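One structure below.
Proteins get letters first, then strands, A, B, ... in listed order; numbering begins at 1 in each. Every heavy atom of this structure was used, including side-chain atoms; hydrogens, water molecules and symmetry mates were not. Everything numeric in this text was worked out from a predicted model, so none of it was measured.
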Amino acid sequence: MIFSKKLISWYLQNKRSMPWRETKNPYHIWLSEIILQQTRVAQGLPYYMSFTTTFPTVFDLANASEEEVLKLWQGLGYYSRARNLHATAKYVANDLKGIFPATYKDLLQLKGVGDYTASAIASICYNEAVPVVDGNVYRVLSRYFGIDTPINSTKGISEFKKLAITLMDHDEPAEYNQAIMEFGALQCKPKSPYCIVCPLQDSCEALKKGNVPSLPVKLKKLKVKKRYFNYLVFSSSDQETILQQRVGNGIWKGLYEFPLIEGEVVGVDEIVLNDIFQKIVNTKEYEIIPYKEELIVHKLSHQHLYTKFYIVKLNDSLNGSEDQKKVNFKDIHSYPVPILLSNFIEAFFKKDLV
DNA sequence: AATTCGGGGGT
DNA sequence: ACCCCAGAATT
């Protein structure tokens, strides 16, 4: 039996049950694919459920505000996915009458849809014979064919794509693409793959050579940067605080946070602090209390954030502004915030230290 | 071609 | 600690 048929056969016996496998509706498939980019099924599943429930059609998603979309996306990370998702929904709803593009080539033009996602949607929804090459596929192919070209090099990307095209099952693109990914996720896992019971064991090059654990090869990892975040959590006499939206490029674009003083080292600069106070606070009668003495270390892929929250208690009210919004404590949960802030907010308001 | 975008889970 | 996850966009 040839490679693709073996995979499909394995898939039919071992595939997991997932809600997006019960439909070929391009809106739902597109949603699932964007959500699952660099995201495990277990983590993405609840988000898929909430998005399809909250926004049953692409028109519902298009008519939402970006803030609503970000709020529903909160906690999933890579927030540009949410912004691109919303932009594409508006485009499809308003310019394409709600009809998604139906070919790989046209799907590729959508914001947030790259080679992988265009292939996935085109094959699953429209049976177009275009191969998906995700992390699972890189692993399966590099092992089965014993290829040690780095999968994140330009050469590797084109090499594996070419190979994937030749292996593609042209009769059942939808089944084949999902089969090879599911096979990589469940059988040909990164660590401790089940080679002993593998249906491809007879012809797996890496298994023959004994270098399964060293494949696939991936180029160097980047160094993590350390950043020092000091958040000012204002607490006014009338139960209000200040939130501001992150703009420009960088992490958490579009999400909200407390006024931030970022420094080169731990601690707040007095001059900067006074500067901020003059804008936000009417009175100079305030009290700054570190929420905790210890730093909270929040780890992102390539940044470690050493964070401290300062509670700033006032016997007066606050000055809101265009970019520094006054927010009542009871409304704070409606704003999209990074998990780092979400964790703090939950702990702080639960303890009722306000 | 290299870097930058999160957060969670596994080892 | 380090790696990986149904990758894409920007530099």
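- Side-chain contact check for Thr117(A) and Gln37(A): at least one donor-acceptor pair (N or O, by modelled atom type) lies under 3.5 Å.
- For DNA chain C, the neighbouring residues in residues 2-21 of chain A, judged by any heavy atom under 4.0 Å, are Met18(A), Trp20(A), Arg21(A).
- Within the structure, the ring-ring contact (aromatic ring centres under 6.0 Å, His included) test picks out the following pairs touching residues 81-106 of chain A (sequence neighbours left out): Trp30(A)-Phe100(A).
- Sorted by first and then second residue, the pairs that involve residues 155-184 of chain A and meet ring-ring contact (aromatic ring centres under 6.0 Å, His included), not counting sequence neighbours, are Trp10(A)-Phe183(A), Tyr138(A)-Phe160(A).
- Evaluation of the side-chain contact (heavy atoms from CB on, under 4.5 Å) rule for Leu36(A) yields Trp20(A), Val41(A) as partners, not counting sequence neighbours.
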Dot-bracket pairing map - DNA chain B, Watson-Crick plus G-U, both contacts under 3.5 Å, | cross-strand:
|||||.|||||

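- In this structure, Gln37(A) does not reach the dG7(C) phosphate: none of its side-chain N or O atoms is under 4.0 Å from OP1 or OP2.
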Under 3.5 Å, N/O pairs linking protein and nucleotides 2-4 of chain B:
none

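- Among the protein residues, Gly75(A) comes within range of the sugar-phosphate backbone only, with heavy atoms under 4.0 Å from sugar or phosphate atoms but none that close to a base.
- Candidate nucleotides dG6(B), dC4(C), dA6(C) were compared by shortest atom distance to the side chain of Gln178(A), and dA6(C) ranks first.
- For the residue pair Asp331(A)/Ser334(A), the side-chain donor-acceptor check at 3.5 Å is not satisfied.
- Side chain Thr117(A) to base dG7(C): no donor-acceptor pair is found below 3.5 Å.
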Write out a two-atom table: protein N or O, nucleotide N or O from nucleotides 9-11 of chain C, distance below 3.5 Å.
{"from": "dA9(C)", "atom 1": "OP1", "to": "Gly112(A)", "atom 2": "N", "distance (Å)": "2.4"}

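- Under a 4.5 Å side-chain heavy-atom criterion applied to ILVMFWY residues, the cluster that includes Leu207(A) comprises Val212(A) as well.
- Comparing dA8(C), dG8(B), dG6(B) by their closest approach to the side chain of Tyr78(A) singles out dG6(B).
- Within residues 129-144 of chain A, the residues approached by DNA chain C to less than 4.0 Å at the level of any non-hydrogen atom are Asp134(A), Gly135(A), Asn136(A), Arg139(A), in residue-number order.
- Within residues 160-172 of chain A, no residue has any heavy atom under 4.0 Å from DNA chain C.
- Residue Asp115(A) is classed as a sugar-phosphate contact, given heavy-atom separations below 4.0 Å to backbone atoms only.
- Near DNA chain C, meaning a heavy atom under 4.0 Å from it, residues 27-36 of chain A has Glu33(A), Leu36(A) in order of number.
- On a pure distance criterion of 3.5 Å, no polar donor-acceptor pair joins the side chain of Gln43(A) and the base of dG8(B).
- With rounding to the nearest 0.5 angstrom, the OH atom of Tyr231(A) is 15.5 Å from the NZ atom of Lys308(A).
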N/O donor to acceptor pairs below 3.5 angstrom from side-chain atoms of residues 184-193 of chain A, sequence neighbours left out:
{"from": "Gln187(A)", "atom 1": "NE2", "to": "Tyr194(A)", "atom 2": "O", "distance (Å)": "2.8"}
{"from": "Lys189(A)", "atom 1": "NZ", "to": "Tyr194(A)", "atom 2": "OH", "distance (Å)": "3.1"}

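- For dG6(B), the base has a donor-acceptor partner in the side chain of Thr39(A) [N/O atoms by modelled type, under 3.5 angstrom].
- When the nucleotides dT11(B), dG6(B), dG7(C) are ranked by their closest atom to the side chain of Tyr116(A), dG7(C) comes out on top.
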